[in-house]
4 protein chains.
Amino acid sequence: MQVSEHRRGPVRSEAARIAILEATARLFETRGYDQLTMEGIAAEAHVGKQTIYRWWPSKSAVVADCMVEGLLLREYMSPPDTGDLRVDLTAWVDGILTFLEHGGASLVKSLVAAAIDQPSIGDRLGEALGINHLLNARLESAIDAGQFSPTRPTQSFARALVGAIVLLALADGPAEPGAAGQLVDAVLG
Amino acid sequence: MQVSEHRRGPVRSEAARIAILEATARLFETRGYDQLTMEGIAAEAHVGKQTIYRWWPSKSAVVADCMVEGLLLREYMSPPDTGDLRVDLTAWVDGILTFLEHGGASLVKSLVAAAIDQPSIGDRLGEALGINHLLNARLESAIDAGQFSPTRPTQSFARALVGAIVLLALADGPAEPGAAGQLVDAVLG
Amino acid sequence: MQVSEHRRGPVRSEAARIAILEATARLFETRGYDQLTMEGIAAEAHVGKQTIYRWWPSKSAVVADCMVEGLLLREYMSPPDTGDLRVDLTAWVDGILTFLEHGGASLVKSLVAAAIDQPSIGDRLGEALGINHLLNARLESAIDAGQFSPTRPTQSFARALVGAIVLLALADGPAEPGAAGQLVDAVLG
Amino acid sequence: MQVSEHRRGPVRSEAARIAILEATARLFETRGYDQLTMEGIAAEAHVGKQTIYRWWPSKSAVVADCMVEGLLLREYMSPPDTGDLRVDLTAWVDGILTFLEHGGASLVKSLVAAAIDQPSIGDRLGEALGINHLLNARLESAIDAGQFSPTRPTQSFARALVGAIVLLALADGPAEPGAAGQLVDAVLG
DNA sequence: GCTTAATCGAGACGGTACGTCAGGTCTTGCG
DNA sequence: CGCAAGACCTGACGTACCGTCTCGATTAAGC
């Protein structure tokens, strides 16, 4: 006795959906969030503007879906595990700071801009930058190794680390040498 | 032997400068950074658009000057000093999180948006949120009291704390109870 | 020995055809030709857009069919016959001008608009406004009564009368009093 | 002691006004009224869309101004005066019908379309097609020559003639030979 | 006091992108 | 295979701001 709310007529075109998300990712990475326009996406994806507006309410929602689909910041570095937490975190942070100085800052800033009107982007942002990896893998490992107190909230710890990195990205100045070590020392104690 | 390039004619109108900054602050707080427009500022300040463009290159520069003049986030909270660093930081963070939940989040988000195209706003933002006070006053005091290691970089520590708060503001969800304590525990060790 | 080109499947739905024409007539009279849209007709008739496009090439063709079916301007006035042609024509023109001043002008303008991209509508328009009646009935009668020269082309005469009325409808200003009499005097001599 | 309601600020750009009207006339004559778009005019005139909307409420208003400026149907044929009214009118009508058959019909239809939402265009249309010339010159002359009764309203007479021509233009079929003579006979008596 | 030049409020200008509407075509599943 | 429904691409709509330029009025230093 299934109620089966069946709808006649054409269904959403998967091709259009993919084309829009890929075009968005492409333009986002080359132009940044501010230069990203709905008209630009439509043109790049060879799609009518209405097809975008039919399924997404705003530019930031499209970007959010891009992140959900993993089209932005696809693979980000997870911290190594040499057995020494402090050394590993420092190396990881240092890698990110180097990335920021080589053009990554504008990408992060664009993502923050997108996150401002689409909170779900912020969640994915943290996740993409490694919160989950830090949390689930490296910190657990450190707890096992007795290098991180089991009573310390790992997620908040990760958030503080990522938050500091975001602030550095916004500040735009080149990080001074040793910034990674200082940051890890500061939060690790 | 200064040639004294003296300029004839009227000088910059202080009244216009003030009117513009105040109008900007007024609109920023009511509408947010995105809704803020140069035309809106000009109209609100009863000023010609050119008068704004003559002295500021962009919307974010005007907002930056507003912060410098202390017209935005005028009064911020500085951490108390009861002698117990952990308790004081927790109380301070908790106050900020409460502020965020009562409308402060959108203000912070607007400031972050402004900071994205004007890094100096980011500096002022951190400062306004208490980095300096934390740094110069409370942490020094904690070091004196033996509650904070002198080798720990206080500025990086503060940045991590503020960064975590900013991420929470972007996330937009209500902070779970005990978030302040968790955060302080996480970074303090 | 007809090969009987038998077509499989259902034939054209008369119900759909009627629904479309009636919906068109309904919308035409309430909204006018410009506001009339294919989407509007489809929605009003509970019909797929494709069903309209399958059978009519354009909006104006649908409107033309409406006229052919007599769904628009169904009842129009025919000139009376009191024996005095001048008096009868004046009364008839006066009736039409009064109709124009009471909302009829926009209907006529819509019909003219439709006629522009569908000449057959123009023919029906003239017919509907009375050309045929004038022609076939009243003028013949006048010729019999010796009030209209048999050598005068009745159809051209009717066209001039209707054309003047159309121009008055387009002009949109209220006709001055006595306009009907003046017009009849002008063309009748 | 003039009160001189002086307005500060820039004044309307005559260059832009001219460019818009000329672009409109150009496009109107090549594409017709329906194909005419505000965006097309703006592009053709190298002008921002807003500059058009600032001064004209609609497409038809722009076209109306074009007619007022005499950029459309600039000089139209006025009837000759050989002394014989019937012959002159017939020649004049015949000239117009010939023009209609050689592409003029679409121009007239476009003007009628424009007149539908801008009655002032209708006035100019009649005027451009010769109503005034007919009225003020030829008919007066005919009255003097005793070929036209002084009691016959010349303006209504002209309107009937032009109206008949407009209906013929809408009908789109080629006028049958002798149509001009028939029309003149019909209205002249 | 007169000249001169930079300021001011106001707002028109050429543009870009917005979000909406409708056009005409194509696709889906039902009858 | 016609039908209702509706997604698709296209293109114009009218609006909001952008940053620049142009007015005439005002203002203050220099002659």
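Side chains included, hydrogens not; waters and symmetry mates left out as well; all remaining heavy atoms used. First the proteins, then the strands, lettered A, B, ... as listed; each starts at 1.
Identified under the side-chain hydrogen bond (donor to acceptor under 3.5 Å, both in side chains) test for residues 104-116 of chain D, with sequence neighbours left out: D:Lys109-D:Asp172. For the salt bridge (charged side-chain N to carboxylate O under 4.0 Å, His left out) condition, the pairs that include at least one residue of residues 43-63 of chain C, sequence neighbours left out, are C:Arg26-C:Glu44, C:Glu39-C:Lys49.
Distance from the side chain of B:Pro10 is smallest for E:dA6 among the nucleotides E:dA6, E:dA10, F:dC13. When distances are taken from the side chain of D:Glu39 to each of F:dG19, F:dA12, E:dG19, the shortest belongs to F:dA12.
Partners of C:Ala25 under the side-chain contact (heavy atoms from CB on, under 4.5 Å) rule, at least two apart in sequence or in another chain, are C:Cys66, C:Leu71, C:Leu72. With sequence neighbours left out, the side-chain contact (heavy atoms from CB on, under 4.5 Å) criterion links B:Ala113 to A:Ile116, B:Tyr33. For B:Thr37, the side chain to side chain donor-acceptor pair (under 3.5 Å) test picks out no residue, with sequence neighbours left out. In terms of the side-chain contact (heavy atoms from CB on, under 4.5 Å) criterion, residue partners of C:Ala64 (sequence neighbours excluded) are, by chain and number, C:Gln118, C:Ser120, C:Ile121. Legend: residues meeting side chain to side chain donor-acceptor pair (under 3.5 Å) with C:Ser58, ordered by chain and number and at least two apart, are C:Ser60.
Two residues, A:Met38 and C:Gln35, neighbour DNA chain E, and the one matched to the more 5' nucleotide by heavy-atom proximity is A:Met38.
A heavy atom closer than 4.0 Å to some atom of DNA chain E occurs in A:Lys49, A:Gln50, A:Tyr53, these being the qualifying members of residues 41-63 of chain A. DNA chain E is contacted by D:Ser13 of residues 13-27 of chain D, taking any non-hydrogen atom closer than 4.0 Å.
Taking atom CZ of B:Arg12 as the reference point, atom P of F:dA29 lies 17 Å away to the nearest angstrom. With rounding to whole Å, C:Asp117 atom CG is found 16 Å from E:dG24 atom C1'.
Annotation: cation-pi pair A:Arg17/A:Trp55 absent, no NZ/CZ under 6.0 Å from the ring centroid and within 45° of its normal.
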